[in-house]
Enquirer: 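Below you will find the structure I want to go over with you.
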Amino acid sequence: MSGHHSAPDQRPGAPLLARAALALYPPAWRARYRQEALELLCDLGGGMPAAASMAWRAVPAWLWPPRHLHNRAGRMRASLATALVAWSMLAGLGLVFEQLTQQQPILPPGHAVIGWSYAVFDAAFVLSGLILAVGSLPLWLLMLRRARRQHSTRDTVYLLLPALAPAVFLAGLVILARLISSPHGVGPWWFLAITVAGFAAAATAAAGPGRALLRLRPRGPAVRLATIASAAATAMMLLAGTASLIAATGLSVWAREFAGYHQAGPIASYLALVTVAATVAAVSTGRGVRAALS
């Protein structure tokens, strides 16, 4: 793709569908081709057929990224930025699973596989978080020092979002709990709203360091360590996800008298969400590890 580099996404005529289609592409692809591709879509009218065609082509851009768009450090940074968001979604799904299963007084007798699945889930979930935190800490400190040296308030805020976003979410949760004082807890719609807000907070917390990675462009051993740690943390989270799926399936089969487990729809939805997030995390961290070990 070639042509002059204007800023079509800044003009009022840039269609929303075109911008949404380009948002599906990897960060490195967008950094190189976003303006030209958006201008092309604008010239084509920015309608649904053109946007859908562009969105479909995002799949091979993720699966087979052009090598010229990434150097070794750039590949690791892109992998980390994507893996952080995917890992946070898996963690959020895991917390929802824990709330709807282990926090409920339901454990079918004679089926030890559910108890074992709970134990594996808990251990893998905690270990995954520890690995990611310890492995990413040197890189986080490196970027924080660089942001302060450059007097970059934006990057500093990005790096603090993993603490700020959960703190805001928990503060809102405490306020809501005081406003809704019911002995039976919150209703299903409030639970859904809290869950959506939790996922938004998790995505924000993960996206902040990802943006800082792409802006500050760190290199060196800290990036390599964080990349390998993210792969190990993802592997542990995949193990936790597998254990949760086994437990959820067992509950739907052996605890059908309980209202929360007698429908196949929630189990299928949970399986689909875990599969999508796990695939994105595994593919991204796999590429990052190959770059780190090359």
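Sequential numbering from 1 along the given sequence is applied to the chain's residues.
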Enquirer: Please table the atom pairs, donor to acceptor, closer than 3.5 Å between any side-chain atom in residues 207-225 and protein atoms at least two apart or in another chain.
Expert:
unit_1, atom_1, unit_2, atom_2, d
Arg215, NE, Asp155, OD1, 2.5
Arg224, NE, Ala292, O, 3.0

Enquirer: Tell me whether Leu127 shares a hydrophobic cluster with Leu238, the cluster being built from Ile, Leu, Val, Met, Phe, Trp, Tyr side chains joined at under 4.5 Å.
Expert: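 The answer is no; the residues belong to distinct hydrophobic clusters.
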Enquirer: Are side-chain heavy atoms of Gln102 and Phe97 found at a separation under 4.5 Å?
Expert: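 Yes, side chains in contact.
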Enquirer: Keeping Thr82 on the side-chain end and Ser79 on the backbone end, is there a donor-acceptor pair under 3.5 Å?
Expert: no
Enquirer: I'd like to check Leu271 versus Thr275 (side-chain heavy atoms, cut-off strictly below 4.5 Å). Are they in contact?
Expert: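 Yes, at least one pair of side-chain atoms sits under 4.5 Å.
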Enquirer: Would Val96 end up clustered with Leu273 when hydrophobic side chains under 4.5 Å apart are linked, directly or stepwise?
Expert: yes
Enquirer: Taking distance alone, no hydrogens or angles, what donor-acceptor pairs closer than 3.5 Å link side-chain atoms of residues 87-94 to residues at least two apart or in another chain?
Expert:
unit_1, atom_1, unit_2, atom_2, d
Trp87, NE1, Ser128, OG, 2.8
Ser88, OG, Leu84, O, 3.4
Ser88, OG, Val85, O, 2.6

Enquirer: In the hydrophobic clustering that connects Ile, Leu, Val, Met, Phe, Trp and Tyr at side-chain heavy-atom distances below 4.5 Å, which members other than Ile228 occupy its cluster, ordered by chain and number?
Expert: Val289, Leu293
Enquirer: With a cut-off of 3.5 Å and sequence neighbours excluded, list every side-chain donor-acceptor pair involving residues 130-139.
Expert:
unit_1, atom_1, unit_2, atom_2, d
Ser136, OG, Leu132, O, 2.8

Enquirer: What residues form a side chain to side chain donor-acceptor pair (under 3.5 Å) with Gln150, not counting sequence neighbours?
Expert: none
Enquirer: Output side-chain donor-acceptor pairs under 3.5 Å for residues 47-55, partner residues at least two apart or in another chain, one line each.
Expert:
unit_1, atom_1, unit_2, atom_2, d
Ser53, OG, Arg57, NH1, 2.2

Enquirer: Working to the nearest 0.5 Å, report the span between CZ of Arg77 and CG of Leu80.
Expert: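 The distance works out to 10.0 Å.
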Enquirer: Would you please name every residue forming a side chain to side chain contact (heavy atoms under 4.5 Å, CB included) with Thr242, sequence neighbours left out?
Expert: Ile246
Enquirer: Tell me every residue that passes ring pair (Phe, Tyr, Trp, His ring centres under 6.0 Å) with Tyr270, counting only those two or more places apart in sequence or in another chain.
Expert: none
Enquirer: In Å and rounded to the nearest 0.5 Å, what is the CG to CZ distance from Leu144 to Arg146?
Expert: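 It is 12.0 Å, given to the nearest 0.5 Å.
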Enquirer: Looking at residues at least two apart in the chain, or sitting in another chain, which of them share a ring pair (Phe, Tyr, Trp, His ring centres under 6.0 Å) with Phe125?
Expert: Phe121
Enquirer: Under a 4.5 Å cut-off applied to non-hydrogen side-chain atoms, are Glu36 and Glu39 in contact?
Expert: no
Enquirer: With heavy-atom distances below 4.5 Å as the criterion, would you say the side chains of Tyr33 and Leu22 are in contact?
Expert: no
Enquirer: Please determine whether residues Trp190 and Leu173 belong to a single hydrophobic cluster, defined as Ile, Leu, Val, Met, Phe, Trp and Tyr linked transitively by side-chain heavy-atom distances below 4.5 Å.
Expert: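 Result: yes, single cluster for both.
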Enquirer: Using a 3.5 Å cut-off and no angle test, enumerate the donor-acceptor pairs between side-chain atoms of residues 159-167 and protein atoms at least two apart in sequence or in another chain.
Expert:
none

Enquirer: For Thr204 and Phe169, what are the C-alpha separation, side-chain angles and deciding distance, and is it a side-chain contact (heavy atoms from CB on, under 4.5 Å)?
Expert: CA-CA 11 Å; Thr204 302; Phe169 172 73; over 6 Å; no
Enquirer: Hey, could you give me the CZ/OG1 distance between Arg154 and Thr156, rounded to the nearest 0.5 Å?
Expert: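 Spacing of CZ (Arg154) from OG1 (Thr156) equals 11.5 Å.
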Enquirer: With the 4.5 Å side-chain cut-off for hydrophobic clustering, are Leu142 and Trp140 part of the same group?
Expert: yes
Enquirer: Grouping I, L, V, M, F, W and Y whenever their side-chain heavy atoms are under 4.5 Å apart, do Leu141 and Met143 come out in a common cluster?
Expert: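 Leu141 clusters together with Met143.
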Enquirer: Can you give me the closest heavy-atom contact between Gly250 and Ile114, atom names plus distance?
Expert: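 Heavy atoms of Gly250 and Ile114 come nearest at C-CD1, 3.8 Å.
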Enquirer: Do you know which two heavy atoms are closest between Ala58 and Leu24, and how far apart they sit?
Expert: CB-O, 3.8 Å
Enquirer: Do the side chain of Ser284 and the main chain of Ala281 share a donor and acceptor less than 3.5 angstrom apart?
Expert: no
